[in-house]
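Structure first, then comments.
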Number of protein chains: 2
Amino acid sequence: MSNAASRIGVQGMGKGKVTIKDVAKVAGVSTGTVSYALAGDPRINEKTRKLVEEAAHKLNYIPNEVGRSLRSRKTETIAFVIPNTSSHVFSHPYFLKLLEGITEVLEEYSYNLQISTTPSEKEEAKAYDKILRSNRVDGIILSSASLKDRNILRMVESGFPVVYLGKWHHEEVLTVERDDFRGAYEAASHLAGLGRRRIVHISGPLDHQESVDRLEGYKQALSDHQILYDASLVVEKDFSREAGAAAVEELRAANVRYDGIFAGNDLMAIGALKQLKRMNIAVPEEVSVVGFDDIDMADAVTPELTTVHQPMREIGRMAAEKLLAVLQDREVPEKRSIVSTRLIIRESCGGQPQ
Amino acid sequence: MSNAASRIGVQGMGKGKVTIKDVAKVAGVSTGTVSYALAGDPRINEKTRKLVEEAAHKLNYIPNEVGRSLRSRKTETIAFVIPNTSSHVFSHPYFLKLLEGITEVLEEYSYNLQISTTPSEKEEAKAYDKILRSNRVDGIILSSASLKDRNILRMVESGFPVVYLGKWHHEEVLTVERDDFRGAYEAASHLAGLGRRRIVHISGPLDHQESVDRLEGYKQALSDHQILYDASLVVEKDFSREAGAAAVEELRAANVRYDGIFAGNDLMAIGALKQLKRMNIAVPEEVSVVGFDDIDMADAVTPELTTVHQPMREIGRMAAEKLLAVLQDREVPEKRSIVSTRLIIRESCGGQPQ
DNA sequence: AAATGAAATTGAATCGATTCAATAATAAAA
DNA sequence: TTTTATTATTGAATCGATTCAATTTCATTT
């Protein structure tokens, strides 16, 4: 059946698979002893342990993780769940960084990572249920999602070990958050500090908490600089480059005048830069632009993009560490972790590094 | 122990987990019948099947996948393995596209995806063995790696279901490949066609097959345009932006003159663009630049990058389809699939779309 | 030398499904 | 009605580990 399953054969496979029974037989002990010995249980006599280890090594024994999981009720696997949003998260560069951070930590602890996107809307609830209850994973890192998503709510509040990447309205939930408000505040403040008075904000979807927080930070910065909030300067878009370009185009069509843009993320900022260039509007001379994320490409565009740096890799690391702490019954130092952002001054705003 | 494992509780969880026994009891049949019924086995009478389905639904039964896997020897999970290379693949944008393609297909078939990076060199062989033999996954999609990597060899030739993303020297191995030679040939030919005569090639690491093929394509193009191959115009780098910039800097230091650059990938091309700008060398007027990959950001830089498009998402899809065909004992139309590339003309080469 | 206690080991039960071989129920043919 | 097929269902075995409770071994104390 399984085509050529052992055509060449991995070292030590012999005729069939090597199980714990084989090891027990060779070592001349019971399977129980083998299990304890290989787990390093102190009950087992040092000499016996050595014996078992030798036998295991000789047979090139690799435990069947499925058998192990069934009995011990642990899979040593966690899922990284990416909710099914209109703007598919995969297309966002920062996602890679997150993944990088997560895998680094998991490797360290020999945990496995499962990537779970969710299938099309239909049966979505079922899909989540399956992740929670099919016993395939021990815990979940959940990428932030729409505030309206009921399934996320169920997931986070199910009692299943979850770390949520974003703000959650409930104290008990484990989260790793960015300080979106402060990041946005600093970005907008910087623009205001440069003398910009009509600052556009290209917002991400406002059913996402981070978009809301960034908008609030922007508003606060305006207020602190005695700039009146003008709703016509705020456009809600979807985090994509195309949306950034479209926003600028729409502003032109609506004849809105402005001297600064604070975009809700770098992709939109880059899209905006492009459109401004097409319209022959000089950046930063006529319009200053600031983004959010500090993706790798932020300093590859012309002019180099001033932006709010978020340590996505670190966030990934923290989330994984936190989840593993729970799974391994270790101390979790803090339920909510808030990582701070930092404004990176480049060319697109026309300012100087402080 | 498991902190608040059922503090809130998912719908239908009741006091404990719902197993197949519970369903059997409620439906008034044996567990065997439940199993067959839910699997849609034709042996089971229609009426009984309905009965079982109702019971399962009422109890909100979700099968324990671990139990299932143990007996049936199928996990419905595949691994995407990213070999541990110096230039960590995660940092490359095209990786995301690959992942996107893979997950799309897996979703369709309700398969799970495990991401396996490999830990630091030590124990790497062991790590691979574990993937192959711990029974956690049914098959593997293997990202291309160094030609020298012995572990990859073992993995691909183990007889375990593997799809390799790249060229393999053995007919029997399932692969999805780009036509690197042809892509490079077209890129370099285009430059030559524009009258460029001293064309630099910034190559990726030459222990990677794709780098070799691209170099060969470049050489062939030169030859076909009566341009003598000049080894001093070829520099071997590591696929990173920094490396691209460094290459240009080194050429300057060595006083090499050139009027075109064909970079082994877009990141290096973008790094080169940046360095050329710093050195006040006009692109495309003085030097034409062409990249490889067509990452999302290729048209975000200034000037927009001419490059060889590879359908990474499609490659991901094809690899997943191919692997699933094997796992589900379906027909595999072709062992080797070669997807073609296509030159995308933008601003950085100074040419016109044909 | 017997009794006691501690340490080491064993063997069976268990986890939750699938699947095999045996049996029961039903329908068709003799 | 009995026999033969055919269809449905069952119950137990099985997958490969972990883990519980019981037992054996060994060292120590009386």
Side-chain angles (χ1 to χ4, degrees), chain A residues 1-2 5 13 16-53 55-56 59-77 130 133-138, chain B residues 1-2 5 13-14 16-53 55-56 59-77 130 133-136 138:
Chain A
M1 166 164 282
S2 173
M13 275 181 84
K17 308 251 187 308
V18 177
T19 73
I20 201 170
K21 276 191 191 167
D22 302 316
V23 178
K25 196 172 294 172
V26 169
V29 297
S30 72
T31 64
T33 301
V34 173
S35 177
Y36 287 132
L38 295 180
D41 191 297
R43 275 182 283 190
I44 299 298
N45 179 296
E46 179 71 7
K47 232 184 301 177
T48 317
R49 221 199 60 224
K50 278 266 166 56
L51 197 69
V52 170
E53 274 168 0
L59 295 174
N60 193 13
Y61 169 66
I62 292 188
N64 180 322
E65 304 269 356
V66 179
R68 187 209 287 276
S69 292
L70 180 58
R71 176 66 229 228
S72 67
R73 311 185 144 289
K74 284 191 184 154
T75 62
E76 313 221 303
T77 299
K130 201 171 159 193
R133 297 176 46 218
S134 69
N135 285 81
R136 233 192 239 295
V137 301
D138 298 339
Chain B
M1 167 165 284
S2 175
M13 276 181 84
K17 308 251 188 308
V18 177
T19 74
I20 201 171
K21 277 191 190 164
D22 301 316
V23 178
K25 196 172 294 169
V26 169
V29 296
S30 72
T31 64
T33 301
V34 173
S35 178
Y36 286 133
L38 294 179
D41 191 297
R43 274 182 281 189
I44 298 297
N45 178 295
E46 179 71 6
K47 232 186 301 179
T48 317
R49 219 198 63 223
K50 278 265 165 58
L51 196 70
V52 170
E53 275 168 359
L59 294 174
N60 193 12
Y61 168 66
I62 291 188
N64 181 321
E65 305 269 356
V66 180
R68 186 210 287 275
S69 292
L70 179 58
R71 175 67 228 227
S72 67
R73 310 185 144 290
K74 283 190 183 155
T75 61
E76 313 222 300
T77 299
K130 200 170 158 192
R133 297 174 49 218
S134 67
N135 283 83
R136 234 192 239 295
D138 298 339

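Below, chain A is the first sequence line, B the second, and so on; all start at residue 1.
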Any protein N or O atoms within reach of nucleotides 6-10 of chain D? Criterion: under 3.5 Å, listing atom names and distances.
{"from": "dA8(D)", "atom 1": "OP2", "to": "R43(B)", "atom 2": "O", "distance (Å)": "3.2"}
{"from": "dT9(D)", "atom 1": "OP1", "to": "T48(B)", "atom 2": "OG1", "distance (Å)": "2.4"}
{"from": "dT9(D)", "atom 1": "OP2", "to": "N45(B)", "atom 2": "N", "distance (Å)": "3.0"}
{"from": "dT9(D)", "atom 1": "OP2", "to": "T48(B)", "atom 2": "OG1", "distance (Å)": "3.2"}
{"from": "dT10(D)", "atom 1": "OP2", "to": "S30(B)", "atom 2": "N", "distance (Å)": "3.0"}
{"from": "dT10(D)", "atom 1": "OP2", "to": "S30(B)", "atom 2": "OG", "distance (Å)": "3.4"}
{"from": "dT10(D)", "atom 1": "OP2", "to": "T33(B)", "atom 2": "OG1", "distance (Å)": "2.5"}

Quiz item: How close do A37(A) and R49(A) get, heavy atom to heavy atom, and via which atoms?
Solution: O-CG, 3.5 Å

Quiz item: Thinking salt bridges, do K50(A) and E53(A) make one under a 4.0 Å N-O criterion?
Solution: no

Quiz prompt | Nearest non-hydrogen partners of I20(A) and T31(A), listed with the distance | solution = CD1-O, 3.8 Å

Self-check item: Counterpart residues, side-chain hydrogen bond (donor to acceptor under 3.5 Å, both in side chains), relative to S72(A) (two or more places apart)
Solution: none

Practice problem: Apply side chain to side chain contact (heavy atoms under 4.5 Å, CB included) to the pair T77(A) and E65(A), showing each step before the final yes or no. | Solution: CA-CA 11 Å; T77(A) 299; E65(A) 304 269 356; over 6 Å; no

Quiz prompt | Step-by-step side chain to side chain contact (heavy atoms under 4.5 Å, CB included) determination, R133(B) to N60(A) | solution = CA-CA 10 Å; R133(B) 297 174 49 218; N60(A) 193 13; 3.1 Å; yes

Quiz item: How bent is the helix from dA1(C)-dT30(D) to dA30(C)-dT1(D), comparing axes over its five end pairs at each side, to the nearest 10°?
Solution: 60°

Practice problem: Using the closest heavy atom to pick a nucleotide of DNA chain C for each, name whichever of R71(A) or I62(B) lands nearer the 5' end. | Solution: R71(A)

Quiz item: Taking 5' to 3' order, which nucleotide of DNA chain C is first and which is last to have an atom within less than 4.0 Å of a heavy atom in chain B?
Solution: dG16(C) to dC20(C)

Quiz prompt | D138(B): partners by side-chain hydrogen bond (donor to acceptor under 3.5 Å, both in side chains), with sequence neighbours left out | solution = T75(B)

Quiz item: Among V26(A), D22(A), V18(A), whose side chain to side chain contact (heavy atoms under 4.5 Å, CB included) with Y61(A) holds?
Solution: V18(A)

Quiz item: Which heavy atom of A55(A) sits nearest a heavy atom of A27(A), and at what distance?
Solution: CB-CB, 3.9 Å

Quiz item: Touch check for S35(A), heavy atoms < 4.0 angstrom, all strands: base, sugar-phosphate only, or nothing?
Solution: base

Exercise. Scan residues 35-45 of chain A for pairs that pass salt bridge (Lys or Arg N to Asp or Glu O under 4.0 Å), counting only residues two or more places apart or in two chains.
Key: D41(A)-R43(A)

